[in-house]
Each structure stands twice: as structure tokens, then as C-alpha cells.
2 protein chains.
Amino acid sequence: MSSRPDPDALGFVLIDVARMLRSAFERRIASAGLGLTPGEARTLVRIASLEGSRQFDIARRMGIEPMTLSTYLDRLQSLGLIERRPDPADRRAKLIFTTPAASALITGIRTEQLDLMQQVTSGIGADELAQIHGRLKLLRANLSALEEDDAALTLARETGR
Amino acid sequence: MSSRPDPDALGFVLIDVARMLRSAFERRIASAGLGLTPGEARTLVRIASLEGSRQFDIARRMGIEPMTLSTYLDRLQSLGLIERRPDPADRRAKLIFTTPAASALITGIRTEQLDLMQQVTSGIGADELAQIHGRLKLLRANLSALEEDDAALTLARETGR
DNA sequence: GTGAAATCGTAAGCAAGGCTTACAATATAC
DNA sequence: GTATATTGTAAGCCTTGCTTACGATTTCAC
């Protein structure tokens with residue numbers, strides 16, 4: 001039993017892959033002239049699949065803080081890709097919609113994404129890929145649960161003190 | 001054939017998992033009182049496995065720019081966890097060593113890492129996990145190759161112009 | 001009904017993890 | 001010996017996230 005942590009441990013590899021993926025995606029989007037950062041692209045795609053939701057819900061779906069989403073929205077809005085419309089049912093809330101200008105971009109994102117992933121996953125069969133995909137989703141769910149646990153703990157500690 | 005990109009596409013899930021993993025790791029390290037950021041921990045672990053290398057080589061192994069590594073080293077050095085010794089064979093270079101003070105920390109990192117990964121991977125069998133691990137390494141290798149290709153292209157474009 | 005508490009979005013500012021460009025010191029090749 | 005390549009550093013930027021504090025609403029308890 002080694003007492004040295006392995007720099008190739010699963011967690012480190014995951015982080016490496018994510019970092020490299022992000023930077024590869026960034027290079028692609030840049031060279032395709034789409035003018036978005038990966039985070040913005042991720043946000044836009046998510047909005048397109050939740051058309052007309054309020055910001056709070058989008059943030060929860062994306063697993064980020066509402067404030068973080070708000071800054072992304074500022075940027076996407078200034079590019080004319082999304083709209084914030086007041087919610088007729090709740091005047092505190094705003095509903096988010098994509099504009100017609102966004103749809104070409106969304107198609108472009110999809111193309112680049114598919115292309116890139118095809119390169120990156122070369123050498124892995126489709127069925128195996130599907131299995132890995134499923135497992136990663138499980139990891140994500142576990143991590144989600146963990147985050148909630150920790151948040152609950154922190155809350156309890158603060159309240160109880 | 002949907003024309004909408006899927007927010008649950010493999011690439012996005014990978015990035016989600018990495019982000020959540022990093023923040024979970026951060027919470028753990030913080031609550032264990034280790035006083036390091038995940039990036040510093042990753043660097044320290046890598047150095048321990050490459051004891052006595054020069055900065056350039058460590059950076060290449062980690063897949064980051066030498067300058068990025070340099071700032072991590074500054075921090076680790078100020079914490080007394082590593083040393084930069086002049087390379088007797090090349091006065092431009094410096095060799096990096098961990099100090100005795102680092103070894104307890106490295107053990108601590110390993111513990112937290114194992115603990116966390118056990119929680120996160122609960123519900124996945126050991127053999128399946130090993131398979132995923134291997135596949136992720138393949139992804140990382142593909143991404144490495146891609147980065148080099150892109151770098152070569154950029155270089156060619158600049159030189160040829 | 002009304003007053004306290006929760007909720008939605010925003011403002012402002014910070015941290016971590018990366019990058020690039022420019023440069024000084026040293027090595028190496030011719 | 002002079003030109004070129006390499007090592008590490010300085011300085012400053014970007015992206016992606018966070019937190020804390022706040023105003024405007026809405027909702028709930030009474």
C-alpha cells in the first residue's frame with residue numbers, strides 16, 4: 001500500500017480532462033468565430049432547453065449560484081442572444097427566452113461540440129461510451145447530494161451556534 | 001435527429017463533474033485544516049512523485065504552462081513545503097524538492113482524496129471503476145495530442161505568414 | 001388586513017486557476 | 001565569439017465561480 005498519492009488518481013484525471021476539454025472547446029469556438037466563452041455557450045444551450053424559465057430555476061438546473069448565472073445573462077443579453085421578460089405571475093421574477101439571433105449560434109455550438117467529442121473519444125466504442133456517460137451522470141448525482149449534505153451541515157452549525 | 005444541443009452531453013457532464021469535484025475537494029481540505037487550494041495540492045502531489053525535477057519538466061507533466069506552475073511554487077515555498085535548489089549542472093535551472101514538513105500534508109491529502117472518491121463513486125463496482133479510469137486516461141491522451149496539433153498549426157500559421 | 005419573513009434578482013468585490021507577452025540570465029551551436 | 005535557444009520570472013489579463021449585502025416583491029401568520 002503506497003503512502004504516496006497518485007497524480008493519476010481518478011479525481012485528478014477527471015479534473016485534467018475537464019480543463020483540457022474546456023480549453024479545446026474554447027479554441028474551437030474561437031476559430032469558428034462564435035464569440036462566446038465555454039461558460040456562455042453552456043448557459044445558452046441550457047436556456048434553449050428550458051425556454052421561458054426563471055433565473056432561479058435555470059441556476060439550480062445548472063448547479064451554480066443565481067448570481068453567477070446573472071453575470072452570464074448580462075453578457076448574453078448584451079450580445080442580443082437572450083431576453084429577460086417580466087413574469088406576469090410574479091413581479092419579482094424574470095423569464096428568460098432566447099432570441100431568433102441565437103438559433104444559428106446554438107446550431108453552431110452543437111456542431112463544434114459533436115466534432116470535438118468525436119475527436120476526443122476516438123478509440124472508444126459507442127456502447128462503451130454510453131456506459132461511461134451514464135456513470136458520469138451517476139457521479140454528478142452523487143456530488144449533487146454531497147453538496148446538499150454539506151450545505152445542510154453548515155446551516156445547522158450556524159443556526160445551532 | 002434533434003437540432004438542439006443536449007445540456008447533458010458527455011462534454012458538459014464532464015465539466016460539471018470536474019467543477020463539483022473541485023469544490024467538494026476544496027471543502028474537505030478546508031475542513032481538514034490543510035490550508036491548501038486544490039491546485040496547490042495537485043502540484044504538491046505531483047512534485048512528490050517527481051522529486052528533484054526541474055520546473056519545466058513538472059509543468060509539462062502537469063500539462064500547464066511553466067508560468068502557472070511558478071506561481072504555485074511561490075505559494076508552496078512560502079508555506080515551507082518545497083525548496084528550489086539551483087541545478088549544479090545548469091545554472092539557469094532550479095530543482096524542486098519537497099521538505100520534511102510536506103510529508104504529513106501529503107498523507108493528509110491522500111486520505112481526504114480517498115475518502116471523497118469513495119463517497120462520490122458509491123454505487124459503482126471496483127472493476128467498472130477501473131474501466132472508467134482507464135477510459136478517462138485515454139480521453140486525456142487524446143486531448144493532449146489535440147493540443148499539440150493545434151499548437152503546431154498555430155506555429156505553422158505564424159511562421160508561414 | 002397588516003407586519004414579519006421569505007424569495008427573486010442585482011451590485012460589488014474577491015479567489016482560484018489558468019493564460020500571454022516581455023525579459024534577464026545562462027547555455028549551446030556554429 | 002557571436003547568434004540563438006532555453007529556464008525561470010514579472011506583470012497583468014481572462015474566465016468561472018463564490019459571498020455578502022440590498023431593494024423590490026410576495027407570502028404567510030396572526
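Throughout, a chain's letter reflects where its sequence line sits, starting with A, and its residues are numbered from 1. Hydrogens, waters and symmetry mates are skipped; everything else that's a heavy atom, side chains included, is used.
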State whether the side chain of A/Ser53 and the backbone N or O of A/Ile58 hold a donor-acceptor pair below 3.5 Å, judged by distance alone.
no
Between C/dT10, D/dT25, C/dG17, which one does the side chain of A/Arg91 approach most closely?
D/dT25
What's the closest nucleotide to the side chain of B/Arg54 if the choices are C/dT10, D/dT7, C/dG17?
D/dT7
B/Lys94 NZ to C/dT26 P, in whole Å, measures 10 Å
Identify which nucleotide among C/dG17, C/dT10, D/dT25 has an atom closest to any side-chain atom of B/Arg42, counting heavy atoms from C-beta outward.
C/dG17
Go through D/dT19, D/dT16, C/dC8 for me and flag the one nearest to the A/Glu65 side chain.
D/dT19
What is the separation between atom CD1 on B/Ile64 and atom C1' on C/dA16, rounded to the nearest whole Å?
13 Å
B/Arg85 has an atom CZ; how far is it from atom P of D/dG8, in whole Å?
15 Å
Starting from B/Ile47, can I reach A/Val13 by hopping between I/L/V/M/F/W/Y residues whose side chains sit under 4.5 Å apart?
yes
Is B/Arg54 paired with B/Asp87 through a side-chain N to carboxylate O contact shorter than 4.0 Å?
yes
May I have the distance from B/Leu21 (atom CG) to C/dA16 (atom C1'), rounded to whole angstrom?
16 Å
If you check the B/Arg92 side chain, which of C/dT26, C/dG18, D/dG17 turns out closest?
C/dT26
What contact category does B/Asp87 fall into here, base, sugar-phosphate, or nothing, at under 4.0 angstrom with non-hydrogen atoms?
nothing
Base, sugar-phosphate, or nothing: which does A/Asp74 touch, judged by heavy atoms less than 4.0 Å apart?
nothing
Minimum-distance nucleotide to A/Tyr72 side chain [options: D/dG17, C/dG18, D/dT25]
D/dG17
With a 4.0 Å limit, can you tell me whether A/Thr37 has a side-chain N or O closer than that to the phosphate oxygens OP1/OP2 of D/dT16?
yes
Looking at D/dT16, D/dT9, C/dC8, which one has an atom nearest to any side-chain atom of A/Ala93?
C/dC8
Quick one: CD1 on B/Ile124 to CZ on A/Arg135, what's the gap to the nearest 0.5 Å?
5.0 Å
Strictly below 4.0 Å, N to O, side chains only: are A/Arg84 and A/Asp74 in salt-bridge contact?
yes
Nearest whole angstrom, please: distance from the C1' of C/dA16 to the CZ of A/Arg22.
11 Å
A/Gly39 vs A/Asp90, nearer the 5' end of DNA chain D by closest nucleotide
A/Gly39
Less than 4.0 angstrom from a charged side-chain N to a carboxylate O is my criterion; do A/Asp57 and A/Arg46 meet it?
no
Picking from D/dG17, C/dA12, C/dG17, the nucleotide nearest the side-chain atoms of A/Met67 would be C/dA12
Separation of C/dG18 atom C1' from B/Glu40 atom CD, nearest Å, is 14 Å
OP1 or OP2 of D/dT9 sitting under 4.0 Å from any side-chain N/O of B/Arg84?
yes
Report the distance from atom CD1 of B/Ile58 to atom C1' of D/dG8, rounded to the nearest whole Å.
12 Å
Given D/dT9, D/dC18, C/dG9, which nucleotide is nearest the side-chain atoms of B/Ser70?
D/dT9
Nearest nucleotide by nearest heavy atom, which residue falls closer to the 5' end of DNA chain C, A/Pro66 or A/Ile15?
A/Pro66
Closer to the 5' end of DNA chain C via nearest nucleotide, is it A/Leu73 or A/Arg19?
A/Leu73
Whole-Å gap separating C1' (C/dT10) and CG (A/Leu69)
12 Å
